[in-house]
Amino acid sequence: TLCCSALLHLGSDQAMQRAASSTPGLPRLPVPALQQTLDRYLLALQPIVSEEELNHTKGLVDEFRKSGGIGERLQQGLQRRARKTENWLSEWWLKNAYLEYRLPVVVHSSPGVVLPKQEFLDRQGQLRFAAKLIEGVLDFKTMIDKETLPVEYLGGKPLCMNQYYQIFSSCRIPGPKHDSIVNYAKGKKWSPHITVVHNFQFFELAVYSSDGSPLIADQIFIQLEKIWNTSLQTNKEPIGILTTNHRNSWAKAYNNLIKDKTNKESVRSIEKSIFIVCLDAPMPRASEDIYKSRVAAQMLHGGGSRWNSGNRWFDKTLQFIIAEDGSCGLAYEHAPSEGPPIVTLLDHVVEYTKKPQHVRSPMIPLQMPKKLRFNITPEIKNDIEKAKQNLNIMVQDLDIKVTVFHYFGKNFPKSEKLSPDAFIQMALQLAYYRMYGQPCATYESASLRMFHLGRTDTIRSASVSSLKFVEAMDKPNKQNQEKVDLLRRAMQAHRQYTDMVSALTGNAIDRHLLGLKLQAIEDLVSMPELFMDTAYAVAMHFNLSTSQVRRSQTDCVMCFGPVVPDGYGVCYNPMEEHINFAISAFNSCAETNAAHLAHYLETALLDMSPTILCLPGWGH
Ligand code: COA
């Protein structure tokens with residue numbers, strides 16, 4: 001709606017503005033001023049390092065910022081890069097955050113999305129839903145192909161739509177030192193098929209007719225039935241499990257796998273396909289209170305080698321997952337896109353599946369979908385066994401809790417003239433502080449899509465103001481009024497930080513510091529001490545890694561793993577009257593527990609609500 005109303009105010013040429021692969025007229029990502037970033041860096045360290053450490057770092061910063069010093073030299077390098085490239089950060093970010101990251105994409109990088117449970121009456125119901133979903137995805141893809149998808153807006157500013165052009169027909173390919181991404185969306189190599197996987201068996205399913213029109217749900221349903229009926233055996237090697245491994249191991253196994261011509265053809269077919277649909281076997285039944293957490297795990301890792309982890313190709317950008325028991329959602333490989341475009345697509349698809357089925361004229365018979373064959377040599381079998389073992393350890397280690405906060409949603413803070421996002425972030429700060437008696441480096445992703453080819457920067461939610469608030473909250477000698485004032489100030493600081501990233505000037509510190517560091521590597525100068533400092537390591541050790549991915553139409557929640565061994569991953573979707581949270585941690589860390597954080601979070605949100613504080617004029 002924001003998008004449409006904004007369009008109404010534009011001139012007729014602009015009113016036609018539709019999303020081409022790059023939104024015209026977007027500003028370029030600026031390089032923030034060096035002195036400003038360094039000042040803000042010291043400020044960000046204040047709540048999370050000791051005074052002694054801070055003083056030490058101040059010395060390093062002084063050295064770095066000296067006129068004619070290393071900082072200035074690197075800054076000039078960045079500015080040169082900004083002049084020469086479309087976006088000085090995007091390529092570095094893609095490599096640094098994703099392609100050179102060697103941990104498995106499963107749990108460590110790829111998010112999952114939990115969709116509302118579907119009520120299938122039988123397998124036919126499951127396949128009918130899958131067929132309709134596929135039709136809905138193709139409908140969305142048509143908007144991208146025809147460039148009729150309206151440009152999106154955030155805070156009144158148009159956003160770069162490029163990510164939408166990266167999500168179909170794309171796949172990550174493992175490499176020995178770094179991975180790469182292939183994209184077959186355009187050109188001669190484009191192929192009109194999707195991949196369907198059932199009982200660990202992969203199929204190539206053409207979803208466009210020879211005249212170029214997409215198949216309709218009734219046709220797709222018949223094709224899915226054929227696939228189902230030819231993949232009834234459950235004793236197949238779970239070849240897809242290879243994609244769950246550490247990237248170096250997977251790269252070796254990949255080269256080994258594609259030595260065989262048949263295997264190579266099958267792998268290429270998966271890589272080229274528009275997206276994957278995973279028809280999952282039912283998972284063990286779960287009671288209502290843990291059902292959503294179980295589905296989140298299913299979306300993140302498939303449940304282990306006994307369950308659906310082999311029913312995936314985790315390198316594929318989009319995998320829609322539909323299980324026999326009605327659980328459904330999506331797993332996506334993060335390198336090509338952030339969460340918001342993915343949930344926009346999901347929103348469209350979920351709405352689409354609710355539309356009544358049109359009755360169509362008789363259909364021409366369609367070819368049998370092609371089964372993708374794999375020749376499993378003893379070496380490949382061995383790679384699969386190793387991948388299974390590693391995956392099962394990861395599955396055991398992931399502690400995930402999906403919870404719904406029922407007492408209020410974003411309407412409450414909004415009605416009190418407060419930013420819901422800042423409110424939730426401060427509740428997280430309070431919850432963490434109550435659990436650990438200290439704040440931690442906290443990451444909240446914020447969009448940089450108002451810049452050409454922009455991805456994200458970091459809002460550092462732990463601030464001097466948030467610390468003052470959380471410290472005061474449980475002190476009996478503090479008056480409620482004082483607590484409210486401190487909370488309000490903390491939220492203002494959070495909002496200012498948010499504006500600093502996206503709404504105003506792209507002026508946050510994290511990507512700039514990363515840029516300076518990468519510039520030092522590129523210039524082959526010795527690494528400035530600023531980046532070898534303990535405080536820098538503390539600042540980059542995000543015990544809380546958080547993200548808001550909101551969608552008001554679909555009651556969904558995105559989930560992802562923690563980014564450090566002793567941390568939490570927290571993703572939330574504030575709906576009007578409730579908030580969905582997905583919290584993850586690792587069982588191998590004795591200090592973290594997802595359910596405990598969920599409990600503390602709920603209490604924090606309630607304690608921050610006016611009912612408890614009983615104050616007239618709260619928030620105004
Ligand atoms: N009074 C009343 N209403 C307010 C308000 C105030 N003081 N402040 C905000 N609101 C309203 C907003 O207008 C908005 O209204 P809407 O629901 O009608 O759209 C709503 O509250 C939400 O605003 P807020 O909670 O402040 O968050 P936001 O939408 O500005 O989002 C970020 C903040 C950082 C999440 C957003 O800028 C962003 O970057 N999102 C993308 C994150 C991302 O890319 N993640 C990647 C994951 S892979």
Side-chain angles (χ1 to χ4, degrees), residues 1-6 93 97-98 105 109-113 152-157 159-164 166-167 317 330-346 408-428 442-451 454-461 487-504 506 508 510-511 542 545-553 556-561 563 569-577 579 582 605 618-620:
T1 50
L2 182 60
C3 172
C4 300
S5 58
W93 180 248
Y98 301 109
V105 290
S109 174
S110 296
V113 182
E152 292 172 325
Y153 285 71
L154 184 66
K157 297 200 171 190
L159 299 181
C160 179
M161 300 296 280
N162 183 268
Q163 288 173 28
Y164 285 100
Q166 311 306 326
I167 57 181
T317 310
L330 171 123
Y332 91 91
E333 200 289 299
H334 209 328
S337 173
E338 308 305 338
I342 306 288
V343 287
T344 302
L345 157 68
L346 276 179
F408 52 81
K410 68 175 174 180
N411 277 355
F412 161 63
K414 274 170 76 170
S415 69
E416 298 296 332
K417 307 265 186 294
L418 302 167
S419 148
D421 189 63
F423 192 83
I424 295 167
Q425 284 290 330
M426 288 312 112
L428 269 163
T442 307
Y443 182 115
E444 181 191 356
S445 50
S447 187
L448 282 178
R449 284 176 56 208
M450 36 289 290
F451 301 103
R455 297 283 304 249
T456 56
D457 207 324
T458 310
I459 303 171
R460 288 184 168 266
S461 308
L487 171 57
R488 204 179 304 142
R489 242 172 270 152
M491 283 193 285
Q492 264 161 13
H494 189 82
R495 198 56 232 180
Q496 270 165 7
Y497 209 125
T498 307
D499 288 344
M500 196 165 90
V501 181
S502 27
L504 298 172
D510 276 79
R511 301 299 180 266
F542 292 106
S545 166
T546 75
S547 185
Q548 182 200 122
V549 179
R550 75 177 158 116
R551 229 37 240 179
S552 42
Q553 271 169 308
C556 64
V557 69
M558 190 170 269
C559 47
F560 49 76
V563 296
V570 182
C571 198
Y572 51 94
N573 180 7
M575 308 284 290
E576 312 280 308
E577 303 294 343
I579 310 169
L605 283 164
W618 148 275
H620 294 285

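Whatever order the structure lists ligands and atoms in, that order sets their numbers, starting from 1.
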Paired with H494, the side-chain contact (heavy atoms from CB on, under 4.5 Å) test is passed by just one of I459, D499, I424, namely I459
(message) Determine whether a donor-acceptor pair (N or O, by modelled atom type, separation under 3.5 Å) exists between the side chain of E333 and the backbone of V105.
(response) no
Within 4.0 Å of some non-hydrogen atom of S447, the atoms of ligand 1 are 38 (C), 39 (O), 41 (C)
Based purely on interatomic distance, does K414 place a nitrogen or oxygen under 3.5 Å from a nitrogen or oxygen of ligand 1?
yes
SG of C556 to CD1 of I342, rounded to nearest 0.5 Å, is 12.0 Å
Discussion item. If you apply the rule side-chain contact (heavy atoms from CB on, under 4.5 Å), what do you find for N411 with E577, and how did you get there?
Written reply: CA-CA 6 Å; N411 277 355; E577 303 294 343; 3.2 Å; yes
Within 4.0 Å of some non-hydrogen atom of E338, the atoms of ligand 1 are 48 (S)
- Item | Non-hydrogen atom of R550 closer than 4.0 Å to ligand 1 | yes
V549 heavy atoms within 4.0 Å reach ligand 1 at atoms 47 (C)
A student checking ligand 1 against I459 at a 4.0 Å heavy-atom cut-off should list atoms 34 (C)
Per-atom filter on ligand 1: closer than 4.0 angstrom to a heavy atom of P340 are 43 (C), 44 (O), 46 (C)
Determine whether L605 and F423 satisfy the following criterion, side-chain contact (heavy atoms from CB on, under 4.5 Å), listing intermediate values before the conclusion. CA-CA 8 Å; L605 283 164; F423 192 83; 3.8 Å; yes
Pair D510 + R460: basic N to acidic O under 4.0 Å: yes
T317 meets the side chain to side chain contact (heavy atoms under 4.5 Å, CB included) criterion, sequence neighbours left out, with I167, S170, P336
Note: ligand 1 atoms sitting under 4.0 Å from heavy atoms of T498 are 34 (C)
Within the 4.0 Å heavy-atom cut-off, what P111 brings close to ligand 1 is neither
Note: S547, heavy atoms under 4.0 Å from ligand 1, region reported as side chain
Got an N/O contact under 3.5 Å between K410 and ligand 1?
yes
### Message
What I want to know is whether T456 and ligand 1 share at least one N or O pair that is separated by under 3.5 angstrom.
### Response
no
**Study point:** Side-chain touch S337/Q166, heavy atoms, less than 4.5 angstrom
**Key:** no
Atoms of ligand 1 under 4.0 Å from any heavy atom of L154, numbered from 1 in the order shown, are 37 (O)
If we number the atoms of ligand 1 from 1 as shown, the ones under 4.0 Å from a heavy atom of A446 are 39 (O)
Restricting to heavy atoms, the pick from K417, E444, M491, Q425 nearest atom 6 (C) of ligand 1 would be K417
For E444, does its backbone N or O pair with a side-chain atom of S547 as donor and acceptor, under 3.5 Å? no
Quick look: D421 vs ligand 1, heavy-atom contacts under 4.0 Å, and the answer is both
With a 4.5 Å heavy-atom cut-off, do Q425 and Y572 have their side chains touching? yes
Open item on the list: Using a plain distance cutoff, I'd like to know if H334 has any nitrogen or oxygen under 3.5 Å from a nitrogen or oxygen of ligand 1.
Closed with: no
Do E152 and R449 sit within salt-bridge range, that is, some charged N less than 4.0 Å from a carboxylate O? yes
